Visitor: 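Okay, handing you the structure first.
Here is how names work: the chains are called A, B, and so on, in the same order as the sequence lines, proteins then strands, and each is numbered from 1. It should be emphasised that the depicted structure is a prediction, and the values quoted were computed from it without experimental measurement.
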2 protein chains.
Amino acid sequence: MTRSEENYIKTIFHLGRQGMEAVSTNAIAELMETKPSSVTDMIKKLSEKDLVNYKRYQGVSLTDLGTQTALGIVRKHRLWEVFLVEKLDFSWDEIHDIAEQLEHIKSDKLIDRLDKLLDYPKFDPHGDPIPDKNGDFKERDRKLLSEVAIGTKGVCVGVKDSSTSFLKFLDRNHIALGHQIEVLEIEEFDGSLNININENNMQISHQIASNLYIKISEQ
Amino acid sequence: MTRSEENYIKTIFHLGRQGMEAVSTNAIAELMETKPSSVTDMIKKLSEKDLVNYKRYQGVSLTDLGTQTALGIVRKHRLWEVFLVEKLDFSWDEIHDIAEQLEHIKSDKLIDRLDKLLDYPKFDPHGDPIPDKNGDFKERDRKLLSEVAIGTKGVCVGVKDSSTSFLKFLDRNHIALGHQIEVLEIEEFDGSLNININENNMQISHQIASNLYIKISEQ
DNA sequence: ATTATATTTTAGGCAAAGCTAAAAATTTGT
DNA sequence: ACAAATTTTTAGCTTTGCCTAAAATATAAT
Ligand SMILES: [Mn+2]
Ligand SMILES: [Mn+2]
Ligand SMILES: [Mn+2]
Ligand SMILES: [Mn+2]
């Protein structure tokens, strides 16, 4: 598989996750910052190789083979991200672009050894699950902070938006994965929240809350 | 720079090392397993970018810019090789192909952090020197085992041929870098050597001896 | 000094992956 | 139901990096 084919497969995988329906040509084009016509060209090639199901004008979805391929790439991407943070002391906002390159390195042995070096991590630095060698992974039971009730207590376990600007914002405000969170108040007017995080009270906008995942603590 | 451009620059660098004269189109083509006409095409592009000096029919040599570029790629290649051996327990015959891919990952910060993780190694697993961040490296004072006199004592410090088959041969015969070597006899007829290596006596062919580097011990 | 051989370059083409502009199909609005 | 708007595909063109075959130049042999 070429690098470009891998990137398309991965994009279709990510778009397909939220909802099982077919992924549109335009959605792929937008996410990949390319043109719809280029997407159509590539889809034909992927369809030819039985990586995607495709009927003209009907959108596209991954076959089982395509899904396994995508999981392999996602596994590599996320393991490299863990490596960059754990072994090379990168911060979580610096790793995505480098992992975009590293995910295309071809060597099963390499990635399995890396997995071992990192002690078989289950989640990446952004809280996303890492598929194992067989493509299996457990989606953690988590909720967006913007969708829980007042009084909810939990632990911050992931981010939905992992853009540099959002991650740097979190760093500046001392919000990190693993921190205890309690929702104290929710402002009707703009949906902003008053929370206690890691022993500190603070006010966060609805925007922020809708990009933070928490795992709700049992009572 | 594209991956292909980087591979050409690296090849020209390696061919240029042994002798300062210009490198021929055919030599590049052969080493890269491509056609001379393709080489000519690429040379023009590299010349345009001031990475090589080129006059038609006169061969090619790296400019200062080209040399610095090549050293950067060689640095990456060899650091990744050390990483694979030291951190992921690969053997020295498995690493070259993977390093061929990893050497093209673009991130200065990544490579400097890797250098630090490995504790700034000066030589790669085949005994080749690793350029530092500024492209400086010290060529070790070493000689081919085939070119020293009877009675010479030294330490095995490198291999000239680092093909899988040669490296596996060395493994099978318990020859490794760091081993003490003494030349006991040299057979006139076929140039084979009787040596003592790591406390064991053995007979090696001229072929083998001409691909092993030793650092001669002071008396 | 020619001729023969080997090397290098040019000319013309191909496949991958992208683009723009136009056509076709689908979806939406009235 | 039909027109309008949107989405998707097709057609045709570009660049990169490679190829083969032929021409040009350099080197070696007589
Ligand atoms: Mn990422
Ligand atoms: Mn991630
Ligand atoms: Mn190597
Ligand atoms: Mn090496």
Visitor: Choose from D/dC18, D/dT10, C/dG18 the nucleotide whose nearest atom is closest to any side-chain atom of B/S38.
Guide: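 Of D/dC18, D/dT10, C/dG18, D/dC18 is nearest to the side chain of B/S38.
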
Visitor: Between B/K44 and C/dT9, does any side-chain N or O lie under 4.0 Å from OP1 or OP2?
Guide: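 Answer is no, no contact under 4.0 Å.
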
Visitor: Take the protein atom CD of A/E6 and the nucleotide atom P of C/dA17, then report the distance between them rounded to whole Å.
Guide: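 From A/E6 CD to C/dA17 P: 11 Å.
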
Visitor: Look at all strands and tell whether B/K55 reaches a base, only sugar-phosphate, or nothing, counting heavy atoms closer than 4.0 Å.
Guide: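 No contact.
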
Visitor: Which nucleotide in the list C/dT20, C/dA11, D/dC18 gets nearest to the side chain of A/S37?
Guide: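 The closest nucleotide is C/dT20.
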
Visitor: Grab the two heavy atoms, one from B/C156 and one from B/A176, that are nearest each other, plus how far apart they are.
Guide: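 Nearest pair, atom of B/C156 first, then B/A176: CB-O, 3.8 Å.
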
Visitor: To the nearest Å, give me how far apart CG (A/L46) and C1' (C/dA17) are.
Guide: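 Roughly 12 Å, once rounded to whole Å.
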
Visitor: Taking for each residue the nucleotide of DNA chain C bearing the nearest heavy atom, is the 5' side occupied by A/Q58 or by B/V39?
Guide: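 The answer here is B/V39.
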
Visitor: Does the side chain of B/T40 get closer than 4.0 angstrom to OP1 or OP2 of C/dT10 through an N or O atom?
Guide: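 Answer no for this pair, as no side-chain N or O of B/T40 is under 4.0 Å from OP1 or OP2.
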
Visitor: Is the distance from the ring center of A/H126 to that of A/H96 below 6.0 Å?
Guide: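 Ring centres of A/H96 and A/H126 not closer than 6.0 Å.
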
Visitor: Calculate the interatomic distance between A/M32 atom CE and C/dG18 atom P; express it in whole Å.
Guide: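 Spelled out: CE on A/M32 to P on C/dG18 is 7 Å.
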
Visitor: Using a 4.0 Å heavy-atom cut-off across all strands, classify A/T25 as base, sugar-phosphate, or nothing.
Guide: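 Sugar-phosphate, no base atom in range.
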
Visitor: When you measure from the side chain of B/Y57, which nucleotide among D/dT25, D/dT8, C/dA17 comes out closest?
Guide: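 Of all the options, the side chain of B/Y57 is nearest to D/dT25.
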
Visitor: Which nucleotide sits closest to the side chain of A/T2: C/dA17, D/dT8, C/dC19?
Guide: C/dA17

Visitor: Using a 4.0 Å heavy-atom cut-off, does A/S4 contact any base of the nucleic acid, only the sugar-phosphate backbone, or nothing at all?
Guide: sugar-phosphate

Visitor: How close do A/I186 and A/A149 get, counting heavy atoms only, and between which atoms?
Guide: CD1-C, 4.3 Å

Visitor: Which of these passes salt bridge (Lys or Arg N to Asp or Glu O under 4.0 Å) with A/R75: A/D136, A/D112, A/D108, A/D132?
Guide: A/D112

Visitor: For B/Y8 and D/dC18, is the shortest distance between a side-chain N/O and OP1 or OP2 below 4.0 Å?
Guide: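 Checking B/Y8 against D/dC18: at least one side-chain N or O falls below 4.0 Å of OP1 or OP2.
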
Visitor: Measure from the side-chain heavy atoms of A/M42 and tell me the nearest of C/dA17, D/dG17, D/dT10.
Guide: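 That would be C/dA17.
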
Visitor: Give a yes/no on whether any side-chain N or O of B/N26 is located under 4.0 angstrom from OP1 or OP2 of C/dT8.
Guide: yes

Visitor: Return the value, rounded to whole Å, for the distance between atom CG of A/D41 and atom P of C/dA21.
Guide: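 Going from A/D41 (CG) to C/dA21 (P), I get 17 Å.
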
Visitor: How many whole angstroms separate atom CD of B/E30 from atom P of C/dT7?
Guide: 10 Å

Visitor: Grab the CD-P distance between B/E5 and D/dT16 for me, whole Å please.
Guide: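 Result: 9 Å.
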
Visitor: In whole Å, what is the span from the NZ atom of A/K45 to the P atom of C/dG18?
Guide: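 Between P of C/dG18 and NZ of A/K45: 8 Å.
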
Visitor: Check whether more than 12 heavy atoms from other residues, nucleotides or ligands sit under 6.0 Å from atom CG of B/D64, and answer yes or no.
Guide: no

Visitor: State whether B/E100 and B/R3 are salt-bridged, where the test is any N-O pair (Lys NZ or Arg NE/NH1/NH2 against Asp/Glu carboxylate O) under 4.0 Å.
Guide: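 Answer for the salt bridge query: no.
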
Visitor: Kindly say if B/R56 contacts the phosphate of C/dT7, meaning a side-chain N or O under 4.0 Å from OP1 or OP2.
Guide: no

Visitor: Separation of B/K35 atom NZ from C/dT7 atom P, in whole Å?
Guide: 14 Å

